[in-house]
Undergrad: 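Before anything else, here's the structure in question.
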Amino acid sequence: MKNDEKSITNQDINRLLRRGVAEIIVEEEMIELLRSGKKLRLKEGFDPSFSDIHLGHMVSLRKLRQFQELGHQVVLIVADWTAQIGDPSGVSVTRPMLSVEQVMANAETYMQQFFKVVDKDKTEVRWQSEWFDKFTLTEVIQLTSKFTVAQLLARDDFSARYNDGRPIALTEFLYPLLQAYDSVAIEADVEFGGTDQKFNLLLGREYQNMMGQRPQQCFMTPLLVGTDGSQKMSKSLGNYIGVAEPPNEIYGKVMSIPDSLILQYFELVTDVPDEELGEFKQGLKDESINPMILKKHLAREIVSPLYSQKEATEAEENFTKVFQKREVPEEIEEYHLSFSEFAPDLTQPVNIDISRLLVKIGLAKSRSEANRFIAQAGTTIAGETVTSHLAEVQSGSIIKVGKRRFAKVINTDK
RNA sequence: GGAGGGGUGCCGGAGUGGUUAAUCGGAGCAGACUGUAAAUCUGCCGCCCUAAGGGCUACGCAGGUUCGAAUCCUGCCCCCUCCA
């Protein structure tokens, strides 16, 4: 099978199944499937109660892409039904039901970002409502009768809550069941997910088996730690780096991860070869590489594929300029306003109420906050630190709050 | 049906009549330091007016007691656990 197009090399298998993978159930079966030359149906679900993809999701999306490059088919499931239940891993059980419009809008945004990484031509998009809208109570009962409470409590997340006396909504039990049904509905060969999805993935496997299908492989990717350096990346924790964010933001956020996360990020969300990673590891260990330099490299590697090489370089230049040299960025938002509006009295020279101005141009949320910035010497106008509440401002001056918020004000008077 | 527990600021979680805008932790923000928006240290961290100083709103909701309530009383709403 040397020159057979369908053949897969050991190198491919290694790349596919080793790096950026937490666990595969069952690995031998997975390898067998890959070797069989069959075009595999790869299931990936997404909950449309959110719409933004972050780097944490990238770990498995990048895997999907790699599989696609070998000719396999991705089936993206828009989980419009389970979204109404809410993923049980969260603390809050009750989630507001999303309107159809909201779901549609989220799905659209999501897919836009999804296809930045995953090949659209090799992706089939399916909605849960295709099959669940037609569900009758009979079918719900049939589905639920296949599983026991003990089985569901086996999920550590459920059992932990149960043992702590914390609530578990009945609908939450339904969540994994519906997800399992999806696998049957689309005849998945492999389902992807983070390690926190293990239970759900396994249940799909089990249900398929009951329904006479070949049980899917469960392909679990590690959970990426967020910018806080301790918890998994998630939007609700606010420690995420969104793929739709502007290059400067992504670059900057990558620079804000703790140094200890550098290697993990390289491994999970870049294509930098393993050998190089080994060198980095050694370099960090014997301190021959400055972590900051390495992190800049990482930031470039992350921004480039999402945007372009050029934009990555620009983001880097911006970072160097603004944060390392403490200079003013290239592009600053301009605000045209009447200065006299902010002057308590119009004697010359005109002194402007700075806190009022900061609120007006959005650099501060409230006047109290603006006053704090001033008191903490965190405000600069044309390079001069603001020390009192009233200060002279020239038209065209650049106002800076903190390290990274800038605005240019233009006087529209006269 | 019965018994019990609970609803506090972005989150977690103290506080049971006064000096409590409310301990503490996390998050966030500012400053210092730094070749990083790393780490570390210091400070800030409801809103409004202000030069200082002051005012207003806030501890599920609505009333009440009191000079004074997140804290006591009454009613209501909501959440959780256990027994059946």
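The sequence lines fix the lettering, A, B, ..., with proteins before strands; numbering per chain opens at 1.
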Undergrad: Do any side-chain nitrogens or oxygens of Arg405(A) fall under 4.0 Å of OP1 or OP2 in A30(B)?
TA: yes
Undergrad: Atom CD1 of Ile354(A) and atom C1' of C49(B): how far apart are they, to the nearest Å?
TA: 18 Å
Undergrad: Base, sugar-phosphate or nothing for Asn318(A)? Non-hydrogen atoms, less than 4.0 Å.
TA: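 No contact.
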Undergrad: Which pair of non-hydrogen atoms, one from Tyr265(A) and one from Leu55(A), has the smallest distance, and what is that distance?
TA: CE2-CD1, 4.0 Å
Undergrad: Want to settle it: does Asn371(A) or Val401(A) sit nearer the 5' end of RNA chain B, counting the closest nucleotide to each?
TA: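 The residue closer to the strand's 5' end, by nearest nucleotide, is Val401(A).
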Undergrad: Produce the list of close N/O pairs, under 3.5 Å, pairing protein atoms with atoms of nucleotides 24-27 of chain B; give distances to one decimal.
TA:
none

Undergrad: Met255(A) or Glu369(A): which one's nearest nucleotide on RNA chain B is closer to the 5' end?
TA: Met255(A)
Undergrad: Round to the nearest Å and state the distance from Arg404(A) atom CZ to G28(B) atom P.
TA: 11 Å
Undergrad: Answer yes or no: is there a side-chain heavy-atom contact under 4.5 Å between Val409(A) and Phe342(A)?
TA: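 The answer is no; the side chains never approach within 4.5 Å.
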Undergrad: When we call it a touch if two heavy atoms are under 4.0 Å apart, what does Tyr251(A) touch: a base, just sugar-phosphate, or nothing?
TA: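 It contacts nothing in the nucleic acid.
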Undergrad: Using a 4.0 Å heavy-atom cut-off across all strands, classify Asn248(A) as base, sugar-phosphate, or nothing.
TA: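 Touches a base.
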Undergrad: What interatomic distance, in whole Å, is found between P of G63(B) and the corresponding atom of G25(B)?
TA: 37 Å
Undergrad: Base, sugar-phosphate, or nothing: which does Ile262(A) touch, judged by heavy atoms less than 4.0 Å apart?
TA: nothing
Undergrad: Assign Gly252(A) to base, sugar-phosphate, or nothing according to its heavy-atom contacts below 4.0 angstrom with the strands shown.
TA: base
Undergrad: To the nearest Å, give me how far apart OH (Tyr240(A)) and P (G28(B)) are.
TA: 13 Å
Undergrad: Is there a side-chain polar atom (N or O) of Arg367(A) under 4.0 Å from OP1 or OP2 of C47(B)?
TA: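 So the side chain of Arg367(A) is outside the cut-off, no N or O lying under 4.0 Å from OP1 or OP2 of C47(B).
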Undergrad: Has the side chain of Arg326(A) got a donor or acceptor atom sitting under 3.5 Å from an opposite partner on the base of U36(B)?
TA: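 Per atom types, no contact qualifies.
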Undergrad: Are the aromatic ring centres of Phe114(A) and Phe46(A) under 6.0 angstrom apart?
TA: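 No - the distance between ring centres of Phe114(A) and Phe46(A) does not fall below the 6.0 Å cut-off.
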Undergrad: Tell me the partner of U20(B), counting only Watson-Crick (N1-N3 plus N6-O4 or O6-N4) or G-U wobble (N1-O2 and O6-N3) with both under 3.5 Å; none if nothing fits.
TA: none
Undergrad: Hey, are Ser308(A) and Glu311(A) close enough side-chain-wise for a donor-acceptor pair under 3.5 Å?
TA: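 Distance-only check passes for Glu311(A) and Ser308(A).
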Undergrad: Identify whether any heavy atom of Phe373(A) sits under 4.0 Å from a base atom; if not, whether one sits that close to sugar-phosphate; answer base, sugar-phosphate or nothing.
TA: sugar-phosphate
Undergrad: How many Å lie between OH on Tyr265(A) and P on A38(B), as a whole number?
TA: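 These atoms are roughly 13 Å apart.
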Undergrad: As a test of understanding, state which of Arg205(A), Lys43(A), Lys198(A), Lys63(A) forms a salt bridge (Lys or Arg N to Asp or Glu O under 4.0 Å) with Glu191(A).
TA: Lys43(A)
Undergrad: List, one per line, each side-chain donor-acceptor pair under 3.5 Å for residues 136-144 of chain A, sequence neighbours excluded.
TA:
unit_1: Thr136(A); atom_1: OG1; unit_2: Thr138(A); atom_2: N; d: 3.4
unit_1: Thr136(A); atom_1: OG1; unit_2: Glu139(A); atom_2: N; d: 3.4
unit_1: Thr136(A); atom_1: OG1; unit_2: Glu139(A); atom_2: OE1; d: 3.2
unit_1: Glu139(A); atom_1: OE1; unit_2: Thr136(A); atom_2: N; d: 2.9
unit_1: Thr144(A); atom_1: OG1; unit_2: Val140(A); atom_2: O; d: 2.9
unit_1: Thr144(A); atom_1: OG1; unit_2: Ile141(A); atom_2: O; d: 3.1

Undergrad: Using whole Å, report how far CE of Met292(A) lies from P of U36(B).
TA: 6 Å
Undergrad: When rounded to the nearest Å, what value does the distance between C1' atoms of C76(B) and A22(B) take?
TA: 26 Å
Undergrad: Can you check whether any acceptor in the base of U36(B) is under 3.5 Å from a donor in the side chain of Asp259(A), or vice versa?
TA: yes
Undergrad: Assess whether a salt bridge exists between Arg18(A) and Asp274(A), defined as any Lys/Arg side-chain N lying under 4.0 Å from an Asp/Glu carboxylate O.
TA: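 Salt bridge between Arg18(A) and Asp274(A), a charged N being under 4.0 Å from a carboxylate O: no.
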Undergrad: Decide, yes or no, whether a salt bridge links Arg41(A) with Glu187(A) under the criterion of side-chain N to carboxylate O below 4.0 Å.
TA: no
Undergrad: Using the C1' atom on both, measure A30(B) against C82(B) and round to a whole Å.
TA: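 Straight-line distance between the two C1' atoms is 49 Å.
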Undergrad: Taking the six-membered ring for Trp and the single ring otherwise, decide whether the centroids of Phe173(A) and Phe147(A) are under 6.0 Å apart.
TA: no
Undergrad: Is there a donor-acceptor contact under 3.5 Å linking the side chains of Thr320(A) and Asn318(A)?
TA: no
Undergrad: Counting Watson-Crick and G-U wobble pairs only, both distances under 3.5 Å, name the nucleotide matched with C29(B), or none.
TA: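 C29(B) is paired, partner G43(B).
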Undergrad: If you only use heavy atoms from C-beta on, which nucleotide in C49(B), U36(B), A37(B) is closest to the side chain of Lys295(A)?
TA: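 Of the options given, the side chain of Lys295(A) lies nearest U36(B).
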Undergrad: Which residue, Ile361(A), Asp413(A), Ile410(A), forms the side-chain contact (heavy atoms from CB on, under 4.5 Å) with Leu337(A)?
TA: Ile361(A)
Undergrad: Between atom CD1 in Ile374(A) and atom P in U50(B), what is the gap in whole Å?
TA: 12 Å
Undergrad: If you only use heavy atoms from C-beta on, which nucleotide in A37(B), C49(B), G35(B) is closest to the side chain of Arg356(A)?
TA: C49(B)
Undergrad: Write down the protein N/O and nucleotide N/O pairs, taken from nucleotides 43-46 of chain B, whose separation is under 3.5 Å; answer none if there are no such pairs.
TA:
unit_1: G43(B); atom_1: N2; unit_2: Gln376(A); atom_2: OE1; d: 3.1
unit_1: C44(B); atom_1: O4'; unit_2: Gln376(A); atom_2: OE1; d: 3.3

